[in-house]
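First comes the structure, then the notes that go with it.
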Amino acid sequence: MELESPPSLNGFATACSSSPDRSGRDGFLRLLFERQGDATVLRRSRFTLPLQILSPLALADGTAYLLLLNPTGGILGGDCLRSEITLGENASVCLTTPSANRVYRTSHHAAEQKTHIKLATGSFLEYLPDHLIPHPGSSLRQTLLVEMDAGSRGMFFDGFAAGRQALHEEWKFRDLDLRTEIKLNGRPIFLNRLKMTPLSHSLQSLGVMSDFSYSAALAIVDDHPQDWPQILAALRQELESIPNIQAGASLLPAAGISIRFLTNSAIALAETNNKLRTAARHHVFQLPPFDLRKY
């Protein structure tokens, strides 16, 4: 049975770890969104540091917009961070982070970050966390599991940097193990798995990362009838118009499109992600552009 850190009087965790032989903190986040009239509301929320949220903003179309926080400044060795996010029927939510998530050096235990998302019928989620920045000597195991019911929709972003470019720290982390899995009606339709150990296996070779320092993946899923080949052609045309990236897009086995791209700067990463998200909102979800508010 998994243990949660005991809360203090202010609702935050008092214990660093549920295991005395492990450094780091046990962070927990649980969110439940429901549709109420024309708007989506945060019906239930619970968190223990180092996971936290800001109060949601209500957008004009009824979407709940929420920033996911880690006020400790990043992920430390031994941290075990678990998030459970549920969208009720017809709920509409956009989740992002204020900035990139740093993963700090560890002398022993790897950090773990696990996120489980459930989408009920008719719900729509844009899950758009900023990319990871692994520091020298860092070690992270990250998993994202998304379970989508019939008629649900969503966009899911995942990205990472080779390290801090300004300090010439590319590819000096210990290891990075990333797994994203999306299931629709119980059937796996998207699996993105990366396991990197740059100190023992070079990633700067042809067929891996080559000369690029940033990698990202965007999965677009809509369990409604769509002309997916036509949408794929439109998104590929969008990719061809973006300079300084290496990219590809393909159809998922059902109800969606997968896009992956490489680039060499955080600015190009953010701009590319924003252009693809805007194009997907237009071509797939018939929604207007929306700039993510980061403050």
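All of these numbers come straight from a predicted model, not from anything done at the bench.
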Is [X] reaching over with its side chain to a backbone N or O of [Y], donor-acceptor style, under 3.5 angstrom?
{"X": "Ser265", "Y": "Ala268", "value": "yes"}
{"X": "Thr40", "Y": "Glu34", "value": "no"}
{"X": "Arg46", "Y": "Leu29", "value": "no"}
{"X": "Asn273", "Y": "Ala270", "value": "no"}
{"X": "Thr63", "Y": "Leu59", "value": "no"}
{"X": "Gln52", "Y": "Leu49", "value": "no"}
{"X": "Asp175", "Y": "Thr197", "value": "no"}
{"X": "Arg35", "Y": "Asp38", "value": "yes"}

Looking at every non-hydrogen atom in both residues, tell me the closest pair between [X] and [Y] and how far apart they are.
{"X": "Glu169", "Y": "Pro136", "answer": "OE1-CD, 3.3 Å"}
{"X": "Arg25", "Y": "Asp79", "answer": "N-OD1, 2.8 Å"}
{"X": "Leu69", "Y": "Pro98", "answer": "CD2-CG, 3.2 Å"}
{"X": "Ser250", "Y": "Leu232", "answer": "N-CD1, 3.8 Å"}
{"X": "Ile231", "Y": "Ile257", "answer": "CG2-CD1, 3.7 Å"}
{"X": "Asn185", "Y": "Ala150", "answer": "OD1-N, 2.9 Å"}

Do [X] and [Y] have side-chain heavy atoms sitting under 4.5 Å apart?
{"X": "Val146", "Y": "Tyr127", "result": "no"}
{"X": "Leu66", "Y": "Phe33", "result": "yes"}
{"X": "Leu95", "Y": "Leu128", "result": "no"}
{"X": "Ile189", "Y": "Val221", "result": "yes"}
{"X": "Gln113", "Y": "Asn101", "result": "yes"}
{"X": "Val93", "Y": "Leu42", "result": "no"}
{"X": "Met148", "Y": "Lys183", "result": "no"}
{"X": "Leu292", "Y": "Cys94", "result": "yes"}

* Asked: Between Asp26 and Arg82, is a side chain to side chain contact (heavy atoms under 4.5 Å, CB included) present by the stated rule, with each step listed?
  -> CA-CA 8 Å; Asp26 290 333; Arg82 296 186 293 117; over 6 Å; no

Any carboxylate oxygen within less than 4.0 angstrom of a Lys/Arg side-chain nitrogen, looking at [X] and [Y]?
{"X": "Glu238", "Y": "Lys275", "value": "no"}
{"X": "Glu112", "Y": "Arg141", "value": "no"}
{"X": "Arg193", "Y": "Asp177", "value": "yes"}

Between the side chains of [X] and [Y], is a donor N or O closer than 3.5 angstrom to an acceptor N or O?
{"X": "His116", "Y": "Glu147", "answer": "yes"}
{"X": "Arg43", "Y": "Gln36", "answer": "yes"}
{"X": "Asp130", "Y": "Ser99", "answer": "no"}
{"X": "Asn70", "Y": "Arg102", "answer": "no"}

* Under the side chain to side chain contact (heavy atoms under 4.5 Å, CB included) criterion, do Ile220 and Ile259 qualify, and how do the steps go? -> CA-CA 8 Å; Ile220 304 163; Ile259 301 174; 4.2 Å; yes

Looking at [atom1] of [X] and [atom2] of [Y], how far apart are the two atoms once the value is rounded to the nearest 0.5 Å?
{"X": "Ile242", "Y": "Glu271", "atom1": "CD1", "atom2": "CD", "value": "9.0 Å"}
{"X": "Leu119", "Y": "Asp223", "atom1": "CG", "atom2": "CG", "value": "11.0 Å"}
{"X": "Leu235", "Y": "Ser258", "atom1": "CG", "atom2": "OG", "value": "11.0 Å"}
{"X": "Leu81", "Y": "Phe28", "atom1": "CG", "atom2": "CZ", "value": "12.0 Å"}
{"X": "Ser213", "Y": "Glu170", "atom1": "OG", "atom2": "CD", "value": "5.0 Å"}
{"X": "Phe160", "Y": "Phe173", "atom1": "CZ", "atom2": "CZ", "value": "6.5 Å"}

Do [X] and [Y] share a hydrophobic cluster (ILVMFWY, side-chain heavy atoms under 4.5 Å, transitive)?
{"X": "Leu67", "Y": "Leu57", "answer": "yes"}
{"X": "Ile133", "Y": "Phe157", "answer": "no"}
{"X": "Leu32", "Y": "Ile53", "answer": "no"}
{"X": "Leu194", "Y": "Leu140", "answer": "yes"}
{"X": "Leu145", "Y": "Leu51", "answer": "no"}

* Asked: Does the pair Phe156 and Phe190 meet the rule for a ring-ring contact (aromatic ring centres under 6.0 Å, His included), with working shown?
  -> CA-CA 11 Å; Phe156 309 93; Phe190 178 81; 8.6 Å; no

* Phe124 ring center near Phe285 ring center (under 6.0 Å) ->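 Distance test on ring centres: under 6.0 Å, yes.
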
* Between Tyr214 and His131, does the ring centre distance come in under 6.0 Å? -> yes

* Asked: What's the verdict on side chain to side chain contact (heavy atoms under 4.5 Å, CB included) for His135 and Val103, showing C-alpha distance, side-chain angles and the deciding distance?
  -> CA-CA 6 Å; His135 286 217; Val103 187; 5.9 Å; no

* Could you check Arg44, Lys118, Arg30 and say which one makes a salt bridge (charged side-chain N to carboxylate O under 4.0 Å, His left out) with Glu84? =>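 Going through the options one by one, the only one that passes is Arg30.
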
* To do: Apply side chain to side chain contact (heavy atoms under 4.5 Å, CB included) to the pair Leu252 and Trp228, showing each step before the final yes or no.
  => CA-CA 9 Å; Leu252 295 178; Trp228 289 112; over 6 Å; no

* Asked: Could you walk me through whether Arg281 and Glu126 pass the salt bridge (charged side-chain N to carboxylate O under 4.0 Å, His left out) check?
  -> CA-CA 10 Å; Arg281 285 175 66 89; Glu126 291 179 279; 2.7 Å; yes

* Is Ile267 atom CD1 crowded by more than 12 heavy atoms from other residues, nucleotides or ligands, each under 6.0 Å away? ->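 Counting neighbours around CD1 of Ile267, 12 or fewer heavy atoms of other residues, nucleotides or ligands fall under 6.0 Å, so no.
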
* Asked: Under the side chain to side chain contact (heavy atoms under 4.5 Å, CB included) test, which residues partner Asp227, sequence neighbours left out?
  -> Pro229, Gln230

